[in-house]
Amino acid sequence: EVHNLPYSLNIIAHHNVSKLPYLLKKVNSNSDKHKYKSLLNEIGLLKVLTSPSVVECHKMLKTPNNVYLVYDYCDGSPLSEMIKTLNKERVTLTYSEISIALQIIDFFRLMANSQVIHCNLKSSSIIISSDKKIKVINFTHGINRNKNKNMNLEFKPSSSQYVAPENKNM
């Protein structure tokens, strides 16, 4: 299965021996230097954040024109889809909903302890698998406070669709 995105080609591939699915991402390193820099930032953050609740980048290969990344394949749907299907009349939570909430709390604890700020966390960045395990994705705008101690955090734009129009050129 192939997904062509604006700056990358994403392919769902299977390991020859284990048969497990992986996401192979091909990025043209010459096309958009900002996107390429954001991608390298994401790889650096994923090395710091080792947890079952965070997508893992297993390997990065560079050629003169491209970067190839092998990520965990997150089979599931975003938290945003689960929220849409919740019964608004119900006041009690199921065991799986409580389990998901606790995993999200553990993820926030990991972020605080690691001094990492996601900067683009939204319900569509949390993938829930069929066995109700979460994986957090999309760390391209993240900040490692251990490496950026003097960074001004008053305004750090993330996804452009969430930035106020008057702040888009900051």
Side-chain angles (χ1 to χ4, degrees), residues 1-13 20-27 32 34-60 67 69-86 93-94 96-148 151 153-165 167-168 170:
E1 190 174 339
V2 176
H3 302 277
N4 228 339
L5 298 175
Y7 70 97
S8 71
L9 176 70
N10 293 344
I11 302 167
I12 299 170
L20 292 173
Y22 289 93
L23 178 69
L24 177 64
K25 183 183 274 191
K26 176 185 170 188
V27 179
D32 186 335
H34 176 71
K35 298 250 189 230
Y36 179 68
K37 185 178 175 186
S38 294
L39 187 68
L40 294 179
N41 179 60
E42 178 176 42
I43 301 305
L45 290 172
L46 292 177
K47 287 179 182 177
V48 172
L49 297 170
T50 54
S51 165
S53 64
V54 176
V55 69
E56 184 178 349
C57 181
H58 297 280
K59 196 163 217 76
M60 179 170 94
V67 175
L69 301 159
V70 180
Y71 286 95
D72 282 338
Y73 174 65
C74 302
D75 185 19
S77 59
L79 177 63
S80 55
E81 293 301 314
M82 181 183 166
I83 291 170
K84 287 178 191 174
T85 63
L86 285 176
L93 295 174
T94 66
S96 63
E97 291 165 346
I98 293 169
S99 173
I100 290 166
L102 290 173
Q103 290 175 68
I104 293 170
I105 290 167
D106 284 344
F107 166 74
F108 280 112
R109 187 176 295 121
L110 170 72
M111 297 289 285
N113 292 340
S114 302
Q115 293 289 299
V116 171
I117 304 169
H118 190 285
C119 293
N120 195 20
L121 189 62
K122 51 193 177 282
S123 59
S124 60
S125 298
I126 301 173
I127 306 299
I128 303 171
S129 66
S130 57
D131 62 350
K132 304 300 182 208
K133 303 289 184 209
I134 72 162
K135 287 279 186 188
V136 180
I137 61 171
N138 192 8
F139 286 83
T140 54
H141 297 288
I143 299 170
N144 184 339
R145 292 293 289 153
N146 291 320
K147 290 185 177 181
N148 300 293
M151 179 181 231
L153 295 178
E154 286 182 28
F155 180 75
K156 172 77 167 87
S158 58
S159 292
S160 60
Q161 67 264 34
Y162 298 106
V163 176
N167 293 329
K168 284 201 178 197
M170 291 183 88

Contact check, side chains of E42 and L39, non-hydrogen atoms, under 4.5 Å: yes
Close side-chain approach of F139 and V54, heavy atoms under 4.5 Å: yes
Between atom [atom1] of [X] and atom [atom2] of [Y], what is the distance when rounded to the nearest 0.5 Å?
X    : Y    : atom1 : atom2 : result
S51  : R109 : OG    : CZ    : 11.0 Å
Q115 : I143 : CD    : CD1   : 11.5 Å
I137 : S124 : CD1   : OG    : 7.0 Å
K47  : N144 : NZ    : CG    : 12.5 Å
L46  : H58  : CG    : NE2   : 10.5 Å

For the residue pair [X] and [Y], what are the closest heavy atoms and their distance?
X    : Y    : value
S125 : N120 : OG-O, 3.6 Å
L121 : V136 : CD1-CG1, 3.9 Å
I83  : S123 : CD1-CB, 4.2 Å
L79  : I100 : CD1-CG2, 4.5 Å
I43  : C57  : CD1-SG, 3.6 Å
C74  : I127 : CB-CG2, 3.8 Å

Taking side chain to side chain donor-acceptor pair (under 3.5 Å) as the definition, give me every residue that meets it alongside [X], ordered by chain and number, with sequence neighbours left out.
X    : result
S99  : Q103
Y22  : none
D131 : S129
S38  : none

Partner set under side chain to side chain contact (heavy atoms under 4.5 Å, CB included) for L93, not counting sequence neighbours: E97, I98
Using modelled atom types and a 3.5 Å cut-off, is there a donor and acceptor pairing between side-chain atoms of [X] and backbone atoms of [Y]?
X    : Y    : result
N10  : L23  : no
S114 : M111 : no
K135 : I128 : no

Partners passing salt bridge (Lys or Arg N to Asp or Glu O under 4.0 Å) against [X] (at least two apart in sequence or in another chain):
X   : value
E56 : none
D75 : none
K84 : E81

H118 and F107 aromatic ring geometry - parallel, tilted or perpendicular at 30°/60° bounds: perpendicular
